[in-house]
Amino acid sequence: MRDDLVQSEVRGKLAKLRSALRRLLAGEGAARLVTAVVGLSLATFAVDWWFRPDPSDVGPHLFLLAVIAGGAAWTIWRGLIVPLRVPMDDDEMALLAENRYRQLGDRLVSVLQYSRGAARGEEGVSEAMIRATADQANRIAGPLDFRAIVERRGLWRSVRVALASAMLMAGLSVWQYRLVRPWFLRTFALAEVDYPQDTYLSVRSGPDFHVVRGSDLRVIVEASGQAPAEITVHFPGTGQSQQVRRADGGTRYELVFQAVAEPLEFYVTGGDDAQDRRRPHRVTVIDPPELEAVEFVVVYPRHMNRAEPQPIPSGSGLIPAPIGSTVQVWACANKTLRSAEILLDGKPLRR
């Protein structure tokens, strides 16, 4: 080794140049990272706010979080790790210095190679020539400012863009805090938080309904906040919908499904409320109960001395019963019933 060929002052300049370049690359990479994260955050915020996926479904929010994390990771790799892995030995720094300061020629890099013994043994290379080249290189490099080699215009441009992006995000967060906060919690904490709304629709007696086949179903929808003039009832899978106007200018809407014969699903939207579409309401149709067997039993009065009741099949038409007799009706239905009643001449028969 021939380290004495390059003065320590010159080697210190090369080391400082290397440090300045690394700081420059690190600064540009950090600025690009800030810009990328802010840009991706704004994009995912717009997507999440526009489509408003169900906060209980973590899939869409994991995807949006992966987009931000993936973009940040790619920027770190391409903007920080790859540039900082570029070789920056003294020879590379000397070449940069010689490219900037033409008066150095190729003396500095040659002396660095001589100092490592690279030229030893080469034909025509004398010790005196090496010493003379080293003296010239040290004398020329001594007053030169190697820091001027570092071009910082790209850094300041990247920093200005990053600062503008960060200020834009900060301003949006202050201006639209009621929207940005739910997005942040939904995306980064995977919290079950909804965006605030001006209108909230509530389907009463839901979420699901049961109706006897062929009967009408009436559903009441209540609005809180700003009640729109009308709401829309959607039927998933059919592409059909219908408008329902507000009842009497109040906050209630009455949905009437006439003569329901088949199961169906529906959800309602109105104003800026579309949350109901996440869980459509199911209407289940129930067949009415039917009598499988009916039997009439005539219990005779005591004075007739007929202790045995007289069963009469339901298909006989007439039920002969002496005055003072009691007619019992026994029936079997195909479903379990809570209650039943008998109509006599169209009127309920009381016990």
Side-chain angles (χ1 to χ4, degrees), residues 54 56-57 201-223 230-245 247 252-270 274-351:
D54 189 346
S56 63
D57 183 6
L201 300 177
S202 176
V203 178
R204 300 301 185 188
S205 304
D208 297 332
F209 302 88
H210 297 80
V211 61
V212 176
R213 189 183 301 275
S215 300
D216 293 345
L217 174 64
R218 297 180 182 273
V219 179
I220 299 299
V221 179
E222 186 79 26
E230 61 183 18
I231 63 174
T232 304
V233 185
H234 305 264
F235 301 93
T238 66
Q240 298 179 355
S241 63
Q242 68 181 53
Q243 307 295 320
V244 178
R245 296 195 62 82
R252 295 166 65 91
Y253 309 81
E254 184 178 20
L255 317 182
V256 180
F257 304 96
Q258 296 181 341
V260 180
E262 299 294 336
L264 59 90
E265 290 186 350
F266 73 93
Y267 66 87
V268 297
T269 61
Q275 294 186 23
D276 205 43
R277 67 182 178 185
R278 299 173 183 170
R279 303 180 184 87
H281 306 278
R282 294 179 175 86
V283 178
T284 302
V285 176
I286 302 174
D287 290 317
E290 296 180 356
L291 296 177
E292 294 181 338
V294 178
E295 185 179 62
F296 301 95
V297 178
V298 179
V299 180
Y300 298 103
R302 291 182 179 180
H303 68 270
M304 295 185 64
N305 295 322
R306 297 182 61 177
E308 292 294 331
Q310 181 64 38
I312 300 175
S314 59
S316 60
L318 292 176
I319 303 177
I323 297 175
S325 300
T326 300
V327 179
Q328 299 177 347
V329 181
W330 298 89
C332 179
N334 61 350
K335 294 184 178 181
T336 301
L337 303 177
R338 290 184 179 179
S339 62
E341 64 181 3
I342 300 175
L343 300 180
L344 182 62
D345 295 331
K347 297 180 181 180
L349 182 62
R350 296 181 179 180
R351 293 184 179 179

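Residue indices begin at 1 and follow the sequence shown. All figures in this text were calculated on a predicted structure; none of them were measured in a lab.
- In this view, R278 and D194 satisfy the side-chain hydrogen bond (donor to acceptor under 3.5 Å, both in side chains) rule, not counting sequence neighbours.
- Every residue was checked against the salt bridge (charged side-chain N to carboxylate O under 4.0 Å, His left out) condition with E295, not counting sequence neighbours, and none meets it.
- Remark: aromatic rings of F266 and F257 are close, center separation under 6.0 Å.
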Can you give me every donor-acceptor pair (side chain of residues 214-222, partner residue at least two apart or in another chain, under 3.5 Å) with its distance?
from : atom 1 : to   : atom 2 : distance (Å)
S215 : OG     : V212 : O      : 3.3
D216 : OD1    : A259 : N      : 2.6
R218 : NH1    : E254 : OE2    : 3.2
E222 : OE1    : R252 : NH1    : 3.4
E222 : OE2    : T251 : OG1    : 2.7

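- Remark: K335 pairs with I286, D287, P289 by the side-chain contact (heavy atoms from CB on, under 4.5 Å) rule, at least two apart or across chains.
- Between atom CZ of residue R213 and atom OG1 of residue T284 there is a gap of 11.0 Å, rounded to the nearest 0.5 Å.
- Shown here are the side-chain contact (heavy atoms from CB on, under 4.5 Å) partners of E341, two or more places apart in sequence or in another chain: L343, P348.
- Remark: S56 pairs with D54, E192, R279 by the side-chain contact (heavy atoms from CB on, under 4.5 Å) rule, at least two apart or across chains.
- Contact between V244 and Y253 at its shortest, heavy atoms only, is O-CD2, 3.8 Å.
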Legend entry - side chain to side chain contact (heavy atoms under 4.5 Å, CB included) between D276 and L201, intermediate numbers included: CA-CA 8 Å; D276 205 43; L201 300 177; over 6 Å; no

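- Looking at V268 and L255, their side chains come closer than 4.5 Å, going by heavy atoms from C-beta outward.
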May I have the list of side-chain donor-acceptor pairs in residues 232-240 shorter than 3.5 Å, sequence neighbours left out?
from : atom 1 : to   : atom 2 : distance (Å)
T232 : OG1    : Q243 : OE1    : 3.0
T232 : OG1    : Q243 : NE2    : 3.2
H234 : NE2    : T269 : OG1    : 2.8
T238 : OG1    : F235 : O      : 2.7
T238 : OG1    : Q240 : N      : 3.2

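- Scanning all heavy atoms of the two residues, the minimum distance from H281 to F209 falls at CB-CE1, 4.3 Å.
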Per-pair distances, 0.1 Å, donor-acceptor, side chain in residues 321-334, under 3.5 Å, sequence neighbours excluded:
from : atom 1 : to   : atom 2 : distance (Å)
S325 : OG     : P322 : O      : 2.9
Q328 : OE1    : W330 : NE1    : 3.4
N334 : OD1    : E290 : N      : 2.9

